[in-house]
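Have a look at the structure below before the remarks.
Here, residue 1 is the first one in the sequence, and each next residue gets the next number.
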Amino acid sequence: MSTTTPTTTSPPAKIHITMTITPETHSFTTNPLPPLLTLSLLSHHPTPITLCTFNRPLALPSALTNRTITIHSLPSRQKIETCLFQVNRSPVTRIRGDSDEQFYLTLLPNTPTTISTPFGRGGGVNKIRPVPKAIAEKGWEVDEEGRERRVRRSVQPTGVDGLEPGMEYEVGLDRESLEGMWWAPVGREEILVEGGTTEGRYMGDYGGWVKGGVEWVVEGVRVKVEE
């Protein structure tokens, strides 16, 4: 992969991320669906910049299951070992109209960009009712009546699913993964290529990626969990 450094080709980028969870308190008894996790991004770079978000904290909802969104219990700040799904796949493409186009996130100068996902299992469409830690640890899916189904599930939390009632948690972004994200000082239309392209069709074929040089300012969020 051809990359440049921010000191020679582009001024450093500064990106401010504000995280919110709505509602801020989740009840397993009264809330059939998980709360909404929202990330509001604001770039202070003088030009549009494009981030390659694949397998990074800004790729929602997959960030909930690759441990790039972090959860710490309060007040101990003990890190919660969250669910991890590993998928073998081909390299990320940069074909316009391909499903991988979602991994190219362009931020305009001083213009807020918002991304969101349900903070639980199932991702954006197939929302699954969250269950408390005591049920999740058994490793079985349950039906609407709370009866166990002979279908395996992860025993580790995904969002509020699998957390312990009566606790408060701090949600943030994995700093190492965030700082390892590739970016380019252009809009994504300058990175994407047409579908008939046979050479240069992969993310790594673009020669303008910058490694490092982003100042990330992240405001995490707290969520309370109740029975």
Side-chain angles (χ1 to χ4, degrees), residues 1-22 36-66 68-69 87 89-119 123-125 171-197 199-221:
M1 178 185 296
S2 175
T3 60
T4 58
T5 61
T7 56
T8 58
T9 62
S10 176
K14 181 177 181 179
I15 300 175
H16 195 123
I17 302 177
T18 302
M19 304 177 67
T20 58
I21 292 178
T22 309
L36 186 69
L37 171 67
T38 300
L39 276 58
S40 179
L41 298 89
L42 185 64
S43 170
H44 301 285
H45 197 267
T47 70
I49 67 172
T50 296
L51 305 164
C52 181
T53 66
F54 175 71
N55 209 31
R56 301 292 178 176
L58 303 185
L60 301 179
S62 61
L64 297 181
T65 53
N66 64 17
T68 57
I69 288 183
V87 179
R89 54 152 293 163
S90 59
V92 176
T93 69
R94 58 185 182 123
I95 302 298
R96 187 175 287 105
D98 186 85
S99 60
D100 284 352
E101 186 176 343
Q102 65 180 304
F103 299 124
Y104 299 91
L105 176 63
T106 294
L107 304 179
L108 301 177
N110 300 305
T111 303
T113 297
T114 299
I115 56 177
S116 60
T117 186
F119 192 51
V125 178
V171 181
L173 305 180
D174 182 79
R175 176 65 61 170
E176 182 178 356
S177 181
L178 201 62
E179 293 177 350
M181 199 178 312
W182 300 95
W183 65 283
V186 296
R188 72 175 183 171
E189 288 304 314
E190 295 191 37
I191 299 174
L192 299 176
V193 295
E194 295 302 325
T197 303
E199 295 185 5
R201 60 185 284 116
Y202 296 107
M203 183 272 288
D205 294 325
Y206 177 69
W209 292 117
V210 179
K211 183 178 181 180
V214 176
E215 179 185 350
W216 297 96
V217 180
V218 180
E219 295 184 32
V221 63

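For the atom pair Ile17 CD1 and Ser40 OG, the distance stands at 9.5 Å (nearest 0.5 Å). Taken from CE in Met181 to CD in Glu176, the straight-line distance is 12.5 Å, to the nearest 0.5 Å. Taking CD of Glu219 as the reference point, atom OG1 of Thr20 lies at 10.5 Å (rounded to 0.5 Å). Note that CD1 of Ile69 is 10.5 Å distant from CG of Leu178, once rounded to the nearest 0.5 Å. Atom CD of Glu189 is separated from atom CD of Glu101 by 6.5 Å, given to the nearest 0.5 angstrom. From Leu108, atom CG reaches atom CG of Leu41 across 12.0 Å, with rounding to the nearest 0.5 Å.
Between Met19 and Val221, the closest heavy-atom pair is O-CB, 3.4 Å. Among all heavy-atom pairs drawn from Leu64 and Pro118, the shortest one is CD1-O, 3.4 Å. For the pair Glu190 and Tyr206, the tightest heavy-atom approach, listed with the atom from each and the gap, is O-CE1, 3.9 Å. In terms of heavy atoms, Ile95 sits closest to Glu194 at CD1-O, 3.7 Å. A pairwise comparison of heavy atoms in Asn110 and Leu42 identifies C-CD1, 3.4 Å as the closest pair. The two atoms that bring Thr47 and Pro185 nearest to each other are OG1-O, 3.5 Å, heavy atoms only.
Among the candidates Pro46, Pro48, Ser43, the single residue satisfying the side-chain contact (heavy atoms from CB on, under 4.5 Å) test with Pro109 is Pro48. Evaluated for a side-chain contact (heavy atoms from CB on, under 4.5 Å) with Ile15, the options Val217, Leu51, Leu58 yield exactly one hit, Leu51.
Thr50 places a side-chain N or O within donor-acceptor distance of the main-chain N or O of Val186, the cut-off being under 3.5 Å. A distance-only check finds a donor-acceptor pair linking the side chain of Trp183 to the backbone of Gly212 [under 3.5 Å]. No side-chain donor-acceptor contact under 3.5 Å links Arg94 to the backbone of Met203. Looking only at distances, no side-chain donor or acceptor of Arg201 sits under 3.5 Å from a matching main-chain atom of Val193. Judged by distance alone, the side chain of Asp100 and the main-chain N or O of Val92 form no donor-acceptor pair under 3.5 Å. The backbone N or O of Arg188 lies less than 3.5 Å from a partner atom in the side chain of Thr106, making a donor-acceptor pair. No side-chain donor-acceptor contact under 3.5 Å links Ser177 to the backbone of Asp174. A donor-acceptor pair under 3.5 Å links the side-chain atoms of Arg56 to the main chain of Gly180, judged by distance alone.
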Dump the intermediate steps for side chain to side chain contact (heavy atoms under 4.5 Å, CB included) on Trp216 and Leu173, then the final yes or no. CA-CA 10 Å; Trp216 297 96; Leu173 305 180; over 6 Å; no

Ile49 and Val214: side chain to side chain contact (heavy atoms under 4.5 Å, CB included), yes or no, with the steps? CA-CA 11 Å; Ile49 67 172; Val214 176; 5.8 Å; no

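Thr22 places none of its side-chain heavy atoms less than 4.5 Å from the side chain of Thr38.
Ring geometry, Trp209 versus Tyr104: the interplanar angle falls under 30°, so the pair is classed parallel (tilted spans 30 to 60°).
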